[in-house]
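Here's the structure, in structure tokens; my notes come after.
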Amino acid sequence: MPELPEVQTIAMALAGLVVERTIDDVSVRWPGIVDRPDVTTFVAMMRGRRVTAVSRRGKYLQCALDNGRWLLLHLRMTGEMRVLPAAVAFDPHEHLIFHLENGLDWRFKDTRKFGRVYLIADPAEVVGQLGPEPLDPAFSPAYLARVLAGRQAPIKSLLLDQRLVAGLGNIYADEALFRARIHPLRAGGSLEPAELAALVEAIRDVITQAIAEMGTTLRDYHRPDGSVGRFQNRLQVFRRQGEPCPRCGAILQRLVVGGRSTHFCPQDQPLSGE
DNA sequence: AAGAGACCCTGGATGC
DNA sequence: TGCATCCAGGGTCTCT
């Protein structure tokens, strides 16, 4: 499941492969992947465009085009970016292909078809509602205190709300709460100042380390050259229910919060009593 | 307004 | 062995 570190890794690799490349033609093999504009307009407007830059905002890939417009892509659950010779046979889950002028194909593969692309005049049309980046100074304990004030929802659910902070998904939310020793069911508004500070630090740490390890590959996530990430070897609680806590040895538990599988240490992350 | 839940999808895992 | 069912979860939408 690509989250911020995975999308960051993909953006950096993609930049080296498609910046200054021209899109000669476009193949849409499953039209539902194009969110906007309509598919016919999308293909007509993308044909002949040159990519001038690739960046990331939250979990979105942002590609600046030579006509001033923007191509945004979201990989959702199983989306992958691949760049490979056009002669390579299509995979049935490659739904969108940009045929580059240098003989390579830039392909959007997405088994579960949740991913989307947007061709827009201003990135804010899609990413305008996102909260701050976790590594931006704006994401501070004071900011968290302000946006969490009065919130009764579990902190785990709130960390997944992209309007509060951009880029966290299920894996890094669980890992950050573990590192900060905060129970995932704690009401967001109940966190003490010291806990808010610990949470901000934990989120920054886990995101920074995961970027350095080029993301977490559990199944679908691959870099554009097909290689996998390494952070799966650093996961301390995610999908480790039944195993001993790496810090205290208690048995890690799993529960469902907001419909999402959630992993934590019942001893290090107490719900009450401290 | 905030929070809960349905929905979109498919393939792998599980159960009988 | 084969078939049916369950589960995974990012984001959007609806309902209360």
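A note on names: the letters A, B, ... follow the listed sequences, proteins ahead of strands, and every chain is numbered from 1. Here the structure is a predicted model, which is why all the values come from computation and not from measurement.
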If you pin A:R260 and A:P154 to their nearest nucleotides in DNA chain B, which one's is more 5'?
A:P154
Expressed in angstrom and rounded to an integer, what is the separation of [X] atom [atom1] from [N] atom [atom2]?
X      : N      : atom1 : atom2 : answer
A:N170 : C:dC7  : CG    : P     : 16 Å
A:D161 : B:dG3  : CG    : P     : 10 Å
A:L130 : C:dG10 : CG    : P     : 15 Å
A:M77  : C:dT12 : CE    : P     : 15 Å
A:L160 : C:dG10 : CG    : P     : 7 Å
A:Q129 : C:dT12 : CD    : P     : 10 Å
A:R116 : C:dC13 : CZ    : P     : 11 Å
A:R57  : C:dG10 : CZ    : C1'   : 16 Å

Please examine the side chains of A:L177 and A:V237, heavy atoms only from C-beta on, and report whether any two atoms are closer than 4.5 Å.
no
For the student: nearest non-hydrogen atoms of A:P270 and A:H183, plus distance:
O-CB, 3.4 Å
Quick check for you: among C:dT12, B:dC9, B:dG3, whose closest atom lies nearest to any side-chain atom of A:Y60?
C:dT12
Whichever of A:R254 and A:L168 has its nearest DNA chain C nucleotide further upstream toward 5'
A:R254
Would you classify [X] as touching base, sugar-phosphate or nothing, given that sugar-phosphate means primed atoms plus P, OP1 and OP2, and contacts are heavy atoms under 4.0 Å?
X      : result
A:R151 : sugar-phosphate
A:S261 : sugar-phosphate
A:F238 : sugar-phosphate
A:R163 : nothing

When you compare C:dT14 with B:dC9, how far apart are their P atoms, in angstrom units rounded to a whole number?
16 Å
Centroid separation A:H95 to A:F108 less than 6.0 Å:
no
Can you confirm if the aromatic rings of A:Y172 and A:F231 lie within a centre distance of less than 6.0 Å?
yes
[N] OP1/OP2 closer than 4.0 Å to side-chain N/O of [X]:
X      : N      : answer
A:H93  : B:dT10 : no
A:Q162 : C:dG11 : yes
A:K113 : B:dC8  : no

Identify whether NZ of Lys or CZ of Arg in A:R247 sits under 6.0 Å from the centre of the six-membered ring of A:F178 and within 45° of that ring's axis.
yes
Could you tell me whether the side-chain ring of A:F114 sits stacked on the base of C:dG11, using a centroid cut-off under 5.5 Å and a plane angle under 30°?
no
